[in-house]
Amino acid sequence: MMSSCRVCGSSAMVPVLSLGEQPLANHLLTAPDLSDEEDLYPLDLLYCESCTLVQLGASVPPSDLFDEYAYFSSQSQTMIRSGQTLAERLTRDPSVEDWFVVEVASNDGYLLQQYRSNGIAVLGVDPAANVVQVARERGVPTLCEYFSEDIGRRIATDYRPANIIHANNVIAHVPDPVDLLKGIGALLREDGLAVIEFPWVARLIDRTAFDTIYHEHLFYYSLTSFQNAVRAAGLYCTDVEEIDLHGGSLRVFLRRQQEEEVPNLRRVLEYERERGLTSLSGYQLLQQKVHSSIELLENEIDSIVGDGGTVAGYGAAAKATVLLNAAPRAADAVTFVVDSTPYKQGRFLPGVRIPIYPPEHLMMAMPTHTLILAWNFADEIMSKESEYIERGGRFFVPLPEPQYVTRGESR
Ligand code: DWN
Ligand code: ZN
């Protein structure tokens, strides 16, 4: 258990949530693994009263989490479209053909391929060898490395300073975010722009999205706590926008020079103060809200089964592992999970050991109810499963309380 804050070093750390001992969310099991015990780790959240950063109590070695990875960003059209729109928006500059764009935690190249298809020089950096291979096969040059200040300096020397640096869904994952941000500063051109996306802790609280808390995510940022880390790295937040990814994220724009503060930054920082997210008060009800959400989900699934219904899951997401391991009565009723990721099919969710099949299995088995475990993609998923709905299948999402959904209705 961490006794001091990973960013500011303060010992003023207050526990705000415990999810008990959990397996590593993306360590999907193969059939031979089922005869072995799994390593479990405490999954607890602490609030730093000094820099307001919410963070895990226990750390797991990054190599255990990311050397081989189960998550492929391209499995979601929502993610691909988000990357496409952003790349188009950022490359409206006449000199763009001379640009160099780097992505930290570039995964399978889902974002950089958008720039590359417009003839822009790109470079990915990602530590997961299996995912990097997919990116390289896609024609996206990628270094298989953990990004750091040293790597940033090395790329600036071996290649050239970057006009744009993306870092989506990674700043929450690294033990030393200030070092990663210093690497971005070292690689960025003087006039360069960095774009950082991360799940916004405000929306985790709103949705009681405790299933987005897993050992891969060391940090749960507000703009306030993120800005503290940015300043410690000698960079400046120049703008911010909320995006509808992963249950509600912030997209923060950084530069090496300070610019006049834009209203968006002040507005979000003020909102966080009003919500109590920059003090312990914003987190004090979380444990109770989580227990209530679990109770409501388990009761709903009990009544489905009590009425003779059957339950499956959709999306072998990291969220699925955390949710179902925290809700054992619900897990007992979920007979299988479907997922479009080839790497995940034929494997089993960690801990609860629920089998994962291709999406086609849903129509074959025709469960009466399907819990959308990847609820952040509920619309995209339901748009693919209209036949299941037409045949009377019912989709529902788990949080903050069980809610039956049809296309266009999910929050
Ligand atoms: O930070 C992280 C977030 C961004 O993604 C990673 N550390 C881990 C990962 O979290 P997750 O696994 O909870 O992410 P997703 O994107 O919610 O997972 C969606 C899952 O659902 C994937 O396994 C793919 C699957 N899926 C599907 O089967 N059919 C997704 C879509 C859109 C579909 O149509
Ligand atoms: Zn701190």
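On a predicted model such as this, the values are computed, not experimentally measured, just so you know. Atoms within a ligand are numbered from 1 in the order they appear, just like the ligands themselves.
Residue contacts with ligand 1 include Tyr214, since one or more of its heavy atoms lies under 4.0 Å from the ligand. Heavy-atom distances between His173 and ligand 1 reach below 4.0 Å in at least one pair. Heavy atoms of Gln77 stay at 4.0 angstrom or farther from ligand 1. For Phe198, the closest heavy-atom approach to ligand 1 does not fall below 4.0 Å.
The protein heavy-atom contact nearest to atom 25 (C) of ligand 1 is Asp339 OD2, 3.2 Å. Summary of contacts: the protein heavy atom closest to atom 34 (O) of ligand 1 is Lys384 NZ, 2.5 Å. Of all protein heavy atoms, the one lying nearest to atom 16 (O) of ligand 1 is Tyr71 OH, 2.9 Å. Of the protein's non-hydrogen atoms, Ala374 CB, 3.8 Å is the one closest to atom 19 (C) of ligand 1. What sits closest to atom 28 (O) of ligand 1 on the protein, heavy atoms only, is Ser340 N, 2.8 Å. At the shortest separation from atom 30 (C) of ligand 1 among protein heavy atoms lies Gln75 O, 4.0 Å. Closest protein heavy atom to atom 6 (C) of ligand 1: Tyr69 OH, 3.1 Å. When only non-hydrogen protein atoms are considered, atom 18 (O) of ligand 1 lies nearest to Ala317 CB, 3.5 Å.
For ligand 1, the polar-atom distance check against Asn26 finds no nitrogen or oxygen pair separated by under 3.5 Å. Remark: ligand 1 and Asn169 share no N or O pair separated by less than 3.5 Å (distance only, no angle test). Between His246 and ligand 1, no pair of N/O atoms sits closer than 3.5 Å. The shortest N/O to N/O separation between Ala318 and ligand 1 falls below 3.5 Å.
Residues Asp339 and Pro359 come closest through the heavy atom pair O-CD, 3.3 Å. When all heavy atoms of Glu197 and Arg251 are compared, the closest pair comes out as OE2-NE, 2.7 Å.
Which parts of ligand 1 touch Lys344 is read off a 4.0 Å heavy-atom cut-off, strictly below it: atoms 22 (C), 23 (O). Within the listing of ligand 1, atoms 32 (C) sit less than 4.0 angstrom from a heavy atom of Glu380. Ligand 1 places these atoms under 4.0 Å from at least one heavy atom of Glu216: 6 (C), 7 (N), 8 (C). For ligand 1, the atoms lying closer than 4.0 Å to a non-hydrogen atom of Gly315 are 21 (O). Using a 4.0 Å cut-off to heavy atoms of Thr341, the atoms of ligand 1 that qualify are 23 (O), 24 (C).
Ring to ring, Trp200 and Phe226 are not that close: their centroids are 6.0 angstrom or more apart. For His166 and Tyr115, the gap between ring centers is short of 6.0 Å.
Not one N or O on the side chain of Ser225 forms a donor-acceptor pair closer than 3.5 Å with the backbone of Tyr221. Checking side-chain atoms of Asp108 against main-chain N and O of Ser74 turns up a donor-acceptor pair under 3.5 Å. Side chain of Glu380 to main chain of Thr78: a donor-acceptor pair is present (N/O by atom type, distance under 3.5 Å, no hydrogens or angles). The backbone N or O of Leu399 lies less than 3.5 Å from no partner atom in the side chain of Gln403, so there is not a single donor-acceptor pair. One N or O on the side chain of Asn325 and one on the backbone of Thr321 form a donor-acceptor pair closer than 3.5 Å.
With the Zn ion (ligand 2) at the apex, Cys48 SG and Cys8 SG define an angle of roughly 100° (rounded to 10 degrees). With the Zn ion (ligand 2) as vertex, Cys5 SG and Cys51 SG subtend 110°, rounded to 10°.
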**Study point:** Working for side-chain hydrogen bond (donor to acceptor under 3.5 Å, both in side chains), residues Gln55 and Tyr47
**Key:** CA-CA 7 Å; Gln55 54 201 281; Tyr47 171 79; over 6 Å; no
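Residue Tyr146 is tested with Val125, Ile151, Asp67, Val170 for a side-chain contact (heavy atoms from CB on, under 4.5 Å); the sole match is Asp67.
Under the 6.0 Å distance and 45° angle rule, Arg347 counts as a cation-pi partner of Tyr343. Judged by a 6.0 Å distance limit and a 45° cone about the ring axis, Arg255 is not positioned over the six-membered ring of Tyr236.
Taking each of Glu385, Lys319, His217 in turn, the one with a heavy atom nearest to atom 17 (O) of ligand 1 proves to be Lys319.
Using a 30° and 60° split on the angle between ring planes, Phe395 and Tyr314 fall in the perpendicular class, above 60°. Aromatic ring pairs are classed by plane angle as parallel below 30°, tilted from 30° to 60° and perpendicular above 60°; the pair His217 and His173 is perpendicular.
Neither the backbone nor the side chain of Thr78 has a heavy atom within less than 4.0 Å of ligand 1.
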